[in-house]
J.: 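Sharing a structure, written as structure tokens. Questions coming.
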Amino acid sequence: MELSAYDTLIACTPSGLPGFDLFVPRTVEELRLALQTADQPVAIYAAGTDIFAQFRHGFRPKSLISTKELQLSATIEIGDDALKIDAGATHDMVCKHPALDEIPGLRIAYSMIATTRIRHRGTLGGNLMARNTRYELSILLTALNATADLVSKDEAQSLALTELWDLDPSKPVYLKSVSIPLHGKPSLDYRRDLRPIATQALATGNGGYRLVFATEYHRPWVADFKDPTLGAQHIERLPEDFGNAVAGVDWLRSAGAALLARQFTRLEPAI
């Protein structure tokens with residue numbers, strides 16, 4: 001948003017953007033060079049479904065790196081005991097791929113999110129790297145203990161999905177792919193009945209559980225535990241600052257515990 005001459009807020013449009021440097025790398029090495037030399041702040045452009053929303057909210061990049069010519073794939077495959085999804089894969093591509101059946105519940109959860117337009121154009125990389133608390137893929141993939149494979153200006157690196165939220169915005173990186181470990185036979189249940197107030201994912205694998213609780217106002221909160229009878233005690237640890245004008249933290253804890261009880265029941269056949 002921008003303040004007009006009449007002290008009113010108006011939505012920003014791409015036509016009002018100041019000039020910026022454009023980089024169109026064709027290889028990973030050229031991408032790394034662009035990340036090294038581009039003036040800050042940097043926008044990385046893939047499908048464009050998120051970046052234009054950022055423009056409307058006032059984001060003004062000095063450099064834009066387009067990934068359109070990169071020789072990178074958009075595949076989904078099983079390998080090294082992991083489900084690997086390339087960052088360029090759209091939501092629709094992922095949902096239709098048979099590899100998702102390796103993780104019971106993942107296809108159902110993935111198919112719940114996004115509008116039809118976003119599903120056919122929005123990419124995994126754009127969704128995660130926006131680091132927007134309204135977006136849901138981070139919730140699902142964090143529950144499944146996914147890791148992010150990144151290209152930075154210096155080297156390739158692998159991070160837990162939870163660490164993406166803490167990346168320094170002055171050091172832009174490109175998400176190449178996400179890997180979900182398959183050892184331990186993971187399964188997933190995702191509840192978004194109370195969205196935007198609350199959403200909750202529960203995954204099981206390796207004899208334990210990972211609970212991820214989120215609202216549209218906070219980054220996902222994670223709890224790992226072994227004993228399902230103690231699951232409700234973990235949701236009681238939800239931080240106080242999760243409370244907001246719509247729902248207090250006590251209500252959120254109570255709602256999370258109720259959802260959790262149903263999730264354990266749904267996951268039992270897969271355990």
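Numbers here are sequence positions counted from 1. Just so it is clear, the structure is predicted and the values come from calculations on it, not from any experiment.
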J.: Answer yes or no: is there a side-chain heavy-atom contact under 4.5 Å between I65 and L35?
T.: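 In short, these two side chains touch, coming nearer than 4.5 Å.
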J.: Does I108 have more than 12 heavy atoms from other residues, nucleotides or ligands lying within 6.0 Å of its CD1?
T.: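 Open.
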J.: Are M112 and R191 packed together at the side-chain level, in the sense that at least one heavy-atom pair is separated by less than 4.5 angstrom?
T.: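 Sidechains of R191 and M112: in contact.
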J.: With a 3.5 Å cut-off and no angle check, do the side chains of D39 and S63 form a donor-acceptor pair?
T.: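 Note: D39 and S63 side chains miss the donor-acceptor criterion.
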J.: If I take atom CG from residue L100 and atom CG from residue L106, how far apart are they, to the nearest 0.5 angstrom?
T.: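 Answer for the CG-CG pair, L100 versus L106, is 4.0 Å.
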J.: Check this for me: does any side-chain nitrogen of one of R266 and D189 sit under 4.0 Å from a carboxylate oxygen of the other?
T.: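 Yes, R266 and D189 are salt-bridged.
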J.: Indicate yes or no: at least one non-hydrogen side-chain atom of P25 is less than 4.5 angstrom from one of E69.
T.: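 They are not in side-chain contact.
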J.: Check the pair K176, D149 against salt bridge (Lys or Arg N to Asp or Glu O under 4.0 Å), reporting the backbone distance first and the verdict last.
T.: CA-CA 6 Å; K176 188 176 179 181; D149 300 312; over 6 Å; no
J.: Step by step, work out the side-chain contact (heavy atoms from CB on, under 4.5 Å) result for I44 and L175.
T.: CA-CA 10 Å; I44 297 180; L175 177 64; over 6 Å; no
J.: Indicate yes or no for a side-chain donor-acceptor contact from D227 to the backbone of T229 under 3.5 Å, with no hydrogens or angles considered.
T.: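 Flag set: sc D227 to bb T229 pair under 3.5 Å.
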J.: If you measure from CG on L230 to CD on E236, what distance do you get to the nearest 0.5 Å?
T.: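 Answer for the CG-CD pair, L230 versus E236, is 12.5 Å.
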J.: Specify the closest pair of heavy atoms between A223 and H234, including all atoms of both residues, with the distance to one decimal.
T.: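 Closest pair (atom of A223, atom of H234, distance): CB-CB, 4.2 Å.
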J.: Would you give the length of the straight line joining atom CG of L141 to atom CD1 of I139, rounded to the nearest 0.5 angstrom?
T.: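 With rounding to 0.5 Å, CG (L141) is 10.0 Å from CD1 (I139).
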J.: Would you tell me whether E136 and Y190 have side-chain atoms, one donor and one acceptor, within less than 3.5 Å of each other?
T.: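 The answer is yes; a qualifying pair exists.
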J.: Work out which heavy atom in N206 is nearest to a heavy atom in H183; give both atom names and the distance.
T.: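 The answer is ND2-CD2, 3.2 Å.
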J.: Does any N or O in the side chain of R192 come within less than 3.5 Å of the main-chain N or O of A201, such that one atom is a donor and the other an acceptor?
T.: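 Here the side-chain-to-backbone pair does not exist.
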J.: Name all pairs fulfilling the side chain to side chain donor-acceptor pair (under 3.5 Å) condition that reach into residues 101-114, sequence neighbours left out, sorted by first residue then second.
T.: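 Passing the test, one end in residues 101-114: D101-R107.
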J.: Once the angle between the rings of F225 and F264 is folded into 0 to 90°, is it parallel (under 30°), tilted (30 to 60°) or perpendicular (over 60°)?
T.: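 Aromatic pair F225/F264 classed perpendicular.
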J.: Just by distance, do the side chain of T133 and the backbone of E216 share a donor-acceptor pair under 3.5 Å?
T.: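 Present.
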J.: Heavy atoms only: give me the nearest T204-S187 pair and the separation to one decimal.
T.: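 Shortest heavy-atom contact: CG2-OG, 2.8 Å.
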J.: Where do A143 and L188 come nearest, in terms of heavy atoms and distance?
T.: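 Closest approach of A143 to L188, heavy atoms only: CB-CD1, 4.0 Å.
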J.: Working to the nearest 0.5 Å, report the span between CG of N132 and CG of N127.
T.: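 It comes to 8.5 Å.
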J.: Measuring only between side-chain heavy atoms, which start at C-beta, is I103 closer than 4.5 Å to L144?
T.: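 Yes; the side chains approach each other to less than 4.5 Å.
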J.: For a quick check under 3.5 Å, do T90 and D92 share a side-chain donor-acceptor pair by atom type?
T.: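 Distance-only check fails for T90 and D92.
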J.: Is any side-chain heavy atom of M129 closer than 4.5 Å to a side-chain heavy atom of V173?
T.: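 Touching, per the 4.5 Å side-chain cut-off.
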J.: Would you say Q200's side chain and F213's backbone share a donor-acceptor pair under 3.5 angstrom?
T.: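 Between the backbone of F213 and the side chain of Q200 there is no qualifying donor-acceptor contact (under 3.5 Å).
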J.: Which heavy atom of A257 sits nearest to which heavy atom of A232, and what is that distance?
T.: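 That would be CB-CB, 4.4 Å.
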J.: Side chains of N244 and V249: closer than 4.5 Å at any heavy-atom pair?
T.: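 Side chain of N244 against side chain of V249, heavy atoms only: no contact under 4.5 Å found.
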J.: Is there side-chain contact between L64 and V42, with at least one heavy-atom pair below 4.5 Å?
T.: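 SC-SC contact between L64 and V42 ruled out.
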J.: Please set out all donor-acceptor pairs under 3.5 angstrom arising from side-chain atoms of residues 156-165, sequence neighbours excluded.
T.:
{"residue": "E163", "atom": "OE1", "partner": "A160", "partner atom": "N", "Å": "2.9"}
{"residue": "W165", "atom": "NE1", "partner": "S138", "partner atom": "OG", "Å": "3.4"}

J.: Just how far is it from atom OG of S152 to atom CG of L167, taken to the nearest 0.5 Å?
T.: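 Output value for this atom pair is 10.0 Å.
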J.: Charged N to carboxylate O under 4.0 angstrom, D166 versus R131?
T.: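 Salt bridge absent between D166 and R131.
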J.: About how many Å separate OG of S179 and CG of D86, when rounded to the nearest 0.5 Å?
T.: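 Between atom CG of D86 and atom OG of S179 there are 9.0 Å.
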J.: Do the side chain of S254 and the main chain of D250 share a donor and acceptor less than 3.5 angstrom apart?
T.: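 Flag not set: sc S254 to bb D250 has no pair under 3.5 Å.
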J.: Can you tell me if CG on D80 sees more than 12 non-hydrogen neighbours from other groups inside 6.0 Å?
T.: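 No, not enclosed.
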J.: Has R195 got a side-chain atom pairing as donor or acceptor with R134's backbone, closer than 3.5 angstrom?
T.: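 Yes, R195 side chain to R134 backbone: donor-acceptor pair under 3.5 Å.
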J.: Over 60° means perpendicular and under 30° means parallel, so classify the ring planes of F242 and H218, tilted if in between.
T.: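 Correct class here is parallel.
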J.: Determine the minimum heavy-atom distance between P239 and R253, stating which atoms define it.
T.: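 Of all heavy-atom pairs spanning P239 and R253, the closest is C-NH2, 4.3 Å.
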J.: Side chains of R210 and L202, heavy atoms from C-beta outward: is any pair under 4.5 Å?
T.: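 Not in contact.
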